Amino acid sequence: MKRVFGVKKDKEPPPSIQDTNDRISKRGDSVDDKIKKLDSELARYKEQIKKTRPGPAQEAVKARAMRVLKQKKMYEGQRDMLYNQTFNLDQVAFAAEGIKDAQQTMSALKSANKELKGMMKTVKIQDIDNLQDEMMDLMDVSNEIQESLGRSYNVPDDIDEDELMGELDALEADMGFETEGDGVPAYLQPDNDLEAELNLPSAPTGHAPIPAGRTNLQGEDELGLPAVPRASLRG
């Protein structure tokens, strides 16, 4: 039976988009090379037409140039068709890659959602609220401890604030009474009784007398200091 009907061949896998795109691109490059050769040939015919006088010879060159130009137009059409095919393949490849990215994104989101649900089962809002209440109570107790430790032992707790304010007002009145008169506080005014007991000489006033027989040669300025001699002016 195998000899009559033969063995069924395995089907080849369909070509991928990338393989098809590469094959079409190679064909397009080959067509581009042909077009470049035709362009160089047309340039040579153009120079010949310029150098040839009008007549049968020039018409023959024009006929050859026209044939080459028709071939170039045909190849350009083929190249444009191949480029359109590669463009369509690129668009399909881009769409396929976008779908793959979307599938991976959905898979990652599902995995994260499952993990998040498992984590949320271990965390309860009521437990968080209770923890916050306990923390607030602990902070209140801590503040009370700090206030108790920072209490001063020297200041009694039964002091009347009205008495303190009265003493403060009396102190301010005494300070105002001491500064009356010349406007100088009592502790800064001179003590006459103390100076009399010490019998200190009074501070000198005015200029010191000039001894007899001695004249003020240099003179003094308005402050009682020796005047600075002036330099003589030379003519």
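For clarity, every value in this text was computed on a predicted model and none was experimentally measured. Side-chain atoms are counted along with the backbone in the values below, which use heavy atoms only and exclude waters and symmetry mates.
Between Lys110 and Lys114 the shortest side-chain heavy-atom distance does not fall below 4.5 Å. Two residues are said to be in side-chain contact when any heavy atoms from C-beta on lie closer than 4.5 Å; Phe94 and Glu97 fail this criterion. Between Tyr75 and Asp33, every side-chain heavy-atom pair lies at or beyond the 4.5 Å cut-off. In this structure the side chain of Gln48 reaches within 4.5 angstrom of the side chain of Arg64, judged on heavy atoms. The side-chain heavy atoms of Met136 and Gln132, taken from C-beta on, include no pair separated by under 4.5 Å.
Chaining together hydrophobic side chains whose heavy atoms lie under 4.5 Å apart places Leu116 alongside Met120.
Taking every heavy atom of both residues into account, Ile17 and Ala93 meet most closely at CG2-CB, 4.0 Å. Contact between Gln58 and Thr52 at its shortest, heavy atoms only, is NE2-O, 3.2 Å. When all heavy atoms of Ile49 and Lys62 are compared, the pair lying nearest together is CD1-CG, 3.6 Å.
If you take CG on Leu42 and CD on Gln71, they are separated by 9.0 Å, rounding to the nearest 0.5 Å. Note that the CZ atom of Arg23 and the NZ atom of Lys26 stand 10.5 Å from one another [nearest 0.5 Å]. Remark: Lys72 NZ to Ile35 CD1 distance equals 7.5 Å, nearest 0.5 Å. In this structure, CG on Asp127 lies 10.0 Å from OG1 on Thr122, to the nearest 0.5 angstrom. The distance from the OG atom of Ser142 to the CE atom of Met135 is 10.0 Å, given to the nearest 0.5 Å. For the atom pair CG of Asp39 and CG of Asp32, the computed distance is 10.0 Å after rounding to the nearest 0.5 Å.
Screening Thr86, Asp90, Asn88 for a side chain to side chain donor-acceptor pair (under 3.5 Å) with Asn21, the sole residue that qualifies is Asp90.
Taken together through direct or relayed side-chain contacts under 4.5 Å among Ile, Leu, Val, Met, Phe, Trp and Tyr, Tyr83 and Leu89 form parts of separate hydrophobic clusters.
Judged by distance alone, with hydrogens and angles left aside, the side-chain atoms of Asn84 form a donor-acceptor pair with the main-chain N or O of Asp80 at under 3.5 Å. No donor-acceptor pair under 3.5 Å is formed between the side chain of Ser107 and the backbone N or O of Gln103.
Checked by atom type, the side-chain pair Asp19/Ser16 shows a donor-acceptor distance below 3.5 Å. Side chains of Glu134 and Asn130: a donor-acceptor N/O pair is absent below 3.5 angstrom, by distance only. Side chains of Gln18 and Asp22: a donor-acceptor N/O pair is present below 3.5 angstrom, by distance only.
The side chain to side chain contact (heavy atoms under 4.5 Å, CB included) search around Ile145 returns Val141, Leu149, not counting sequence neighbours. Shown here are the side-chain hydrogen bond (donor to acceptor under 3.5 Å, both in side chains) partners of Tyr45, two or more places apart in sequence or in another chain: Glu41.
The 12-atom threshold is exceeded at CE of Met74, counting heavy atoms of other residues, nucleotides or ligands nearer than 6.0 Å.
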